[in-house]
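Report on the structure given below.
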Amino acid sequence: MNRRQFLATGVTAAISAVKAQDDPIWGGPVLDIHLHLRPDPEGVYNHITGSGETRAVLLGGRDSGGNAKESMQAHPDRFVRFVRADVTKPEAIAEMTKGLQDGAIGLGEIKYHVALDGPEMRRVYELASATHVPVTVHFQEVQHFEGEGVFNTGFPRLGSILKAYPRMTMFGHADAFWANVSADVPKDIAYPSGRIKPGGLTDRWLAEFPNLYGDMSANSCNNCLYRDPEFMRGSSSGIRTS
């Protein structure tokens, strides 16, 4: 299934799931693939109702499955869920495997202080490949505040990972992913401004690798879309997204 077929299938499913919803905000179904859980299980439903979303992917850790399940049971056909675990711990893969067996349909958001091509993440890619589920990865090379650290570093090497794991489906997320739509990426700015220089890694990889999608949530993608609308309309990859 190619990227366009995947998107068409997802839209059809969203329409079928909520037949009576005529969305006055967006004019059609909207799928949110990056919704973090709230302390109150009803909070995620209030969020998608207020923002006019049709369905959402709930992101959460190993101990949040009950919260997500409550939301899913209260509002059938509105939510699915991903599972994550601390990839620096030896039990991480077993925990995520258990989450998949318990109903999760993907992995993520994976956001830890590791290299994107280190042994911790390679185990995640192997699990995603073996189980045929997508994985959402947070790529961040610049701290947002002192002491935060960076996540899944080494972005220029991501192409090698996508080539090495062709059966893995990845949703790329966060500032390093979207800043690299441009070939000119500042080393000390999370959300660069100004015109986008053609030839960026993310733009090329979205065109080259059918197993890569862009997660459009958060200010990272919003910044990319609005910093150079002319480029975004004519991008070589079309910035094909999840």
Side-chain angles (χ1 to χ4, degrees), residues 2-3 6 33-34 59 82 84-88 92-93 96 106-144 148-192 196-225 227 231-232 235-242:
N2 64 34
R3 191 175 280 113
F6 178 88
I33 69 161
H34 196 115
L59 303 182
F82 281 15
R84 73 168 183 269
D86 186 342
V87 299
T88 67
I93 298 303
M96 288 191 284
L107 308 175
E109 168 191 11
I110 307 298
K111 182 182 178 182
Y112 298 96
H113 302 299
V114 296
L116 66 85
D117 55 352
E120 303 90 348
M121 290 304 295
R122 287 182 181 273
R123 288 193 289 267
V124 175
Y125 306 145
E126 290 166 4
L127 176 61
S129 300
T131 55
H132 306 288
V133 300
V135 54
T136 297
V137 182
H138 179 111
F139 297 104
Q140 182 179 333
E141 305 274 359
V142 179
Q143 291 192 120
H144 297 166
E148 179 191 27
V150 289
F151 305 92
N152 292 302
T153 54
F155 192 78
R157 302 191 297 273
L158 178 60
S160 297
I161 290 296
L162 294 168
K163 185 176 182 179
Y165 298 92
R167 296 172 58 199
M168 168 194 63
T169 298
M170 176 182 287
F171 295 160
H173 169 65
D175 21 311
F177 184 84
W178 289 109
N180 276 278
V181 166
S182 176
D184 183 11
V185 183
K187 301 297 184 182
D188 58 347
I189 301 174
Y191 304 110
I196 290 174
K197 182 179 179 180
L201 295 175
T202 299
D203 191 34
R204 296 202 332 253
W205 289 336
L206 283 168
E208 181 179 352
F209 294 104
N211 56 332
L212 178 65
Y213 294 78
D215 178 335
M216 297 184 70
S217 62
N219 187 45
S220 50
C221 181
N222 186 65
N223 182 73
C224 180
L225 291 172
R227 63 180 285 197
F231 175 87
M232 298 306 291
S235 168
S236 62
S237 70
I239 307 298
R240 293 173 292 183
T241 57
S242 56

Legend entry - Spacing of I196 atom CD1 and M232 atom CE [to the nearest 0.5 Å]: 5.5 Å
Inset, instruction - Can you spot which of C221, C224, P198, P192 makes a side chain to side chain contact (heavy atoms under 4.5 Å, CB included) with V181? - result: C224
Legend entry - Side-chain heavy atoms of R123 within contact of V87, under 4.5 Å: no
Legend entry - Closest contact, heavy atoms only, A115 versus M121: O-CG, 3.5 Å
Legend entry - N223 CG to D175 CG distance, which is reported to the nearest 0.5 Å: 9.0 Å
Inset, instruction - Ignoring hydrogens and angles, tell me if any N or O in the side chain of Y112 forms a donor-acceptor pair with the backbone of A85 under 3.5 Å. - result: yes
Legend entry - Side chain Q143, main chain E148, donor-acceptor under 3.5 Å: yes
Legend entry - E126/I93 under side-chain contact (heavy atoms from CB on, under 4.5 Å): CA gap, chis, key distance, verdict: CA-CA 10 Å; E126 290 166 4; I93 298 303; over 6 Å; no
Legend entry - Aromatic ring pairing H173/H34, orientation class (parallel under 30°, perpendicular over 60°, tilted between): tilted
Inset, instruction - Decide yes or no on side-chain contact (heavy atoms from CB on, under 4.5 Å) for R84 and T136, but give the supporting numbers first. - result: CA-CA 10 Å; R84 73 168 183 269; T136 297; over 6 Å; no
Inset, instruction - List the steps, then state whether side-chain contact (heavy atoms from CB on, under 4.5 Å) holds for W178 with R227. - result: CA-CA 11 Å; W178 289 109; R227 63 180 285 197; over 6 Å; no
Inset, instruction - Report yes if the distance between the aromatic ring centroids of W205 and F155 is under 6.0 Å, otherwise no. - result: yes
Legend entry - Check: R122 side chain, D117 main-chain N or O, donor-acceptor pair, under 3.5 Å: yes
Inset, instruction - Would you please test M168 and L162 for side-chain contact (heavy atoms from CB on, under 4.5 Å) and show each step? - result: CA-CA 8 Å; M168 168 194 63; L162 294 168; 4.2 Å; yes
Inset, instruction - Could you tell me the separation between the CZ atom of F139 and the OG atom of S220, rounded to the nearest 0.5 Å? - result: 12.0 Å
Inset, instruction - Calculate, to the nearest 0.5 Å, the distance between atoms NZ and CG belonging to K163 and L158 respectively. - result: 13.5 Å
Inset, instruction - State, without any angle test, whether S217 and D215 hold a side-chain donor-acceptor pair at a distance under 3.5 Å. - result: yes
Legend entry - Side chain proximity check, F231 to S182, heavy atoms < 4.5 angstrom: no
Inset, instruction - Give, for atom CG of L116 and atom CZ of F151, the distance between the pair rounded to the nearest 0.5 Å. - result: 14.0 Å
Inset, instruction - Report the distance from atom CZ of F171 to atom CZ of F177, rounding to the nearest 0.5 Å. - result: 11.0 Å
Inset, instruction - Kindly say whether E141 contributes a backbone atom to a donor-acceptor pair with the side chain of T153 at under 3.5 angstrom? - result: no
Inset, instruction - Indicate yes or no for a side-chain donor-acceptor contact from D203 to the backbone of G199 under 3.5 Å, with no hydrogens or angles considered. - result: no
Inset, instruction - Give a yes or no on whether the backbone of H138 and the side-chain of N152 come within a donor-acceptor separation of less than 3.5 Å. - result: yes
Inset, instruction - Please report the closest heavy-atom contact between F82 and L107, naming both atoms and the distance. - result: CD2-O, 3.5 Å
